[in-house]
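The model shown is predicted, which means the values in this text are computed figures rather than measured ones. Side chains included, hydrogens not; waters and symmetry mates left out as well; all remaining heavy atoms used. Residue numbering restarts at 1 for every chain, and letters A, B, ... go by the order of the sequence lines.
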Protein chains: 2
Amino acid sequence: MPKAQRMAQMLTVAEEIFAEQGYLATSMDEIAERVGVSKPMLYEYFGSKEGLLIGCIHRARTELREKTAAAIAGAGSPEEFLRLGLRAFFEFIVDHQRSWALLRQEAAIAVPSAQEEVEGIRQQQTDMIGSVLVSFAPEIDQLEAEAFAEIVVGACERLAVWCERRPSVGPALATDYVMAVIWPGVAEKLRKLPELAPHA
Amino acid sequence: MPKAQRMAQMLTVAEEIFAEQGYLATSMDEIAERVGVSKPMLYEYFGSKEGLLIGCIHRARTELREKTAAAIAGAGSPEEFLRLGLRAFFEFIVDHQRSWALLRQEAAIAVPSAQEEVEGIRQQQTDMIGSVLVSFAPEIDQLEAEAFAEIVVGACERLAVWCERRPSVGPALATDYVMAVIWPGVAEKLRKLPELAPHA
DNA sequence: GCTCGTAACTTACTTCGAGTAACCTACTGC
DNA sequence: GCAGTAGGTTACTCGAAGTAAGTTACGAGC
């Protein structure tokens with residue numbers, strides 16, 4: 001089997017087993033067996049157990065970025081941007097419940113450099129939100145915009161975990177909940193800014 | 001040394017080393033050595049490496065609960081409850097940067113049962129927030145109150161991590177940021193409820 | 001003031017899994 | 001038909017979790 005295809009298969013299997021059992025409880029032998037290949041092949045392609053985990057996270061990250069970018073492409077107002085972005089995030093979560101659990105709960109942790117990879121995902125999200133705020137309100141305090149973005153990302157992550165225990169809450173409702181809490185505060189901030197700096 | 005005292009010492013050392021190096025990179029021999037005792041003593045008192053980690057988390061959890069409870073004791077309005085609770089949380093974080101890193105970043109974890117312990121901390125927080133909402137607005141939709149609580153807890157956790165990279169943002173400012181984003185939305189919800197259910 | 005019981009502790013293992021060295025095999029271009 | 005290489009394997013090392021069995025310190029009872 002060609003390398004690229006084999007790597008993709010390894011990532012799929014690893015993501016599944018990591019999500020099932022947790023990172024620590026999973027052995028490389030087990031992954032290798034389920035892939036139908038021997039352990040050194042995993043090391044050939046991913047270097048280490050940690051490398052394999054990072055590969056999983058990286059792939060998920062790429063996918064999430066693409067979906068989010070596509071979702072917000074047509075948005076016109078800050079509210080619409082936020083709503084579409086959040087919606088894309090929650091839809092990604094339900095499609096990838098297992099690997100999301102892995103990313104958010106298992107990986108954040110065990111492995112320092114996997115953590116950086118997870119941070120990278122958050123960075124994408126906060127950058128997106130921060131850029132929306134800044135593009136619609138260039139006068140906003142930089143620090144405050146960052147804090148807002150972090151707050152929204154944190155809220156979504158946590159709510160996504162909660163949604164797993166509440167199957168009745170789908171992406172649409174989750175988005176509504178988050179928007180209901182945060183939008184009035186964000187809107188108020190955006191409204192006040194032009195008063196403070198009327199030019200722009 | 002008596003058991004209770006030795007256990008406390010072990011927890012302190014373990015928390016420190018776990019936070020420094022991460023859970024995976026820390027060996028029980030290393031902890032034992034730094035405690036000045038042999039490895040089987042750790043197993044005698046905590047059963048496993050995971051058990052030791054859970055012990056650390058549990059202790060931090062207890063402390064956080066006590067501080068939060070004390071902080072919100074005198075609150076009169078929902079806004080005050082939230083503000084004091086959040087403030088207590090952020091103050092706990094800066095006082096315990098190390099163990100917080102452990103809880104949130106390291107322990108968020110690779111270890112399933114440690115995760116339950118971390119979930120327990122969140123449960124405390126969401127319960128607190130949920131009970132505030134319910135006590136001030138008994139008509140609120142149960143599911144929505146839970147979602148609100150999760151959103152607030154998620155926002156705070158994320159912002160706490162961000163604060164570590166922004167030493168200029170102390171507990172007071174962090175609390176302000178979170179309140180600025182979430183309070184208008186929560187207030188709006190509480191205001192609307194009596195219209196929907198005018199008795200209570 | 002001796003000894004019995006137990007709490008606190010240690011040494012010396014076993015086991016298991018991450019990571020590696022060295023070797024094999026089949027196909028592709030020439 | 002042979003060389004080089006991509007894709008693969010077997011069989012190890014090594015480090016760390018966890019354990020069995022034994023040792024020391026010390027207070028209670030006689």
Side-chain angles (χ1 to χ4, degrees), chain A residues 1-58 102 106-107 109-117, chain B residues 1-58 102 106-107 109-117:
Chain A
M1 190 180 293
K3 179 169 172 176
Q5 193 180 336
R6 183 64 89 193
M7 284 181 83
Q9 183 200 10
M10 286 170 172
L11 287 177
T12 302
V13 171
E15 196 173 296
E16 189 175 321
I17 308 191
F18 282 152
E20 260 171 33
Q21 314 185 346
Y23 176 77
L24 274 185
T26 303
S27 77
M28 292 294 267
D29 284 303
E30 193 180 349
I31 297 173
E33 195 188 346
R34 225 145 104 181
V35 170
V37 91
S38 69
K39 191 168 59 165
M41 287 307 296
L42 294 173
Y43 284 90
E44 174 69 22
Y45 290 158
F46 294 99
S48 65
K49 189 182 182 184
E50 189 176 322
L52 183 55
L53 176 64
I54 289 173
C56 292
I57 298 170
H58 194 82
L102 167 70
E106 307 291 334
I109 314 299
V111 190
S113 48
Q115 183 155 339
E116 285 167 28
E117 204 59 37
Chain B
M1 191 182 293
K3 181 169 172 175
Q5 193 179 336
R6 183 64 91 191
M7 284 180 83
Q9 183 200 10
M10 286 170 173
L11 288 177
T12 301
V13 170
E15 195 173 296
E16 190 175 321
I17 307 191
F18 282 151
E20 259 170 35
Q21 315 185 344
Y23 176 75
L24 277 185
T26 303
S27 77
M28 292 294 267
D29 283 303
E30 192 180 348
I31 297 174
E33 194 188 345
R34 222 143 105 182
V35 171
V37 91
S38 70
K39 191 168 58 166
M41 287 308 297
L42 294 174
Y43 285 90
E44 174 70 22
Y45 290 160
F46 294 99
S48 64
K49 189 181 181 184
E50 189 176 322
L52 183 55
L53 176 64
I54 290 173
C56 292
I57 298 170
H58 193 83
L102 169 69
E106 305 295 330
I109 308 198
V111 190
S113 47
Q115 185 155 344
E116 284 168 30
E117 204 59 38

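- One interatomic measurement links the two molecules: NZ of A:K49 to C1' of D:dG15, which rounds to 14 Å at whole-angstrom precision.
- Straight-line distance from the CD atom of B:E44 to the P atom of D:dT23: 18 Å, rounded to whole Å.
- Among the heavy atoms of the strands lying under 4.0 Å from A:P40 is at least one base atom, whether or not backbone atoms are also near.
- The pair B:E33-B:K39 does not meet the salt-bridge criterion, since no charged nitrogen lies less than 4.0 angstrom from a carboxylate oxygen.
- Listed nucleotides: D:dG18, C:dA18, D:dG7. Nearest to the side chain of B:Y43: D:dG18.
- Both the sub-6.0 Å distance and the 45° axial angle are not jointly satisfied by A:K49 relative to the ring of A:Y43.
- Regarding contacts with the backbone of D:dA6, every side-chain N or O of A:R6 stays at 4.0 angstrom or more from both OP1 and OP2.
- Rounding to the nearest 0.5 angstrom, the gap separating the CE atom in A:M10 from the CE atom in A:M1 is 9.0 Å.
- Of the inter-residue distances, the one linking B:E30 atom CD with B:E20 atom CD reads 8.0 Å to the nearest 0.5 angstrom.
- In this structure, CG of A:D29 is placed 12 Å from P of D:dT9, rounded to the nearest angstrom.
- For A:L42 and C:dG17, the CG to C1' distance is 13 Å, given to the nearest whole Å.
- Of the candidates D:dG18, C:dT10, C:dG19, C:dT10 carries the atom nearest the B:V37 side chain, counting heavy atoms from C-beta on.
- Judged by atom type and distance alone, A:K39 reaches the base of C:dG19 through a side-chain donor-acceptor pair under 3.5 Å.
- Put simply, CZ on B:F18 and CG on B:L11 are 10.0 Å apart, with the number rounded to the nearest 0.5 Å.
- In this structure, A:G47 and B:Y45 both approach DNA chain C, and ranking their closest nucleotides by distance from the 5' end singles out B:Y45.
- Across the protein-nucleic acid pair, A:L24 atom CG and D:dA16 atom C1' stand 13 Å apart, rounded to whole Å.
- The CE-C1' distance, from B:M41 to D:dA17, rounds to 17 Å in whole Å.
- What separates CD of B:Q21 from P of D:dA16 is a distance of 11 Å, to the nearest Å.
- Nucleic acid contact for B:M28: sugar-phosphate only, since backbone atoms but no base atoms lie under 4.0 Å from a heavy atom of the residue.
- Residue-level contact check: B:S27 touches the backbone only, with heavy atoms under 4.0 Å from sugar-phosphate atoms and none from bases.
- Regarding contacts with the backbone of D:dA6, every side-chain N or O of A:K3 stays at 4.0 angstrom or more from both OP1 and OP2.
- Between the CZ atom of B:F46 and the C1' atom of D:dG18 there is a distance of 16 Å, given to the nearest Å.
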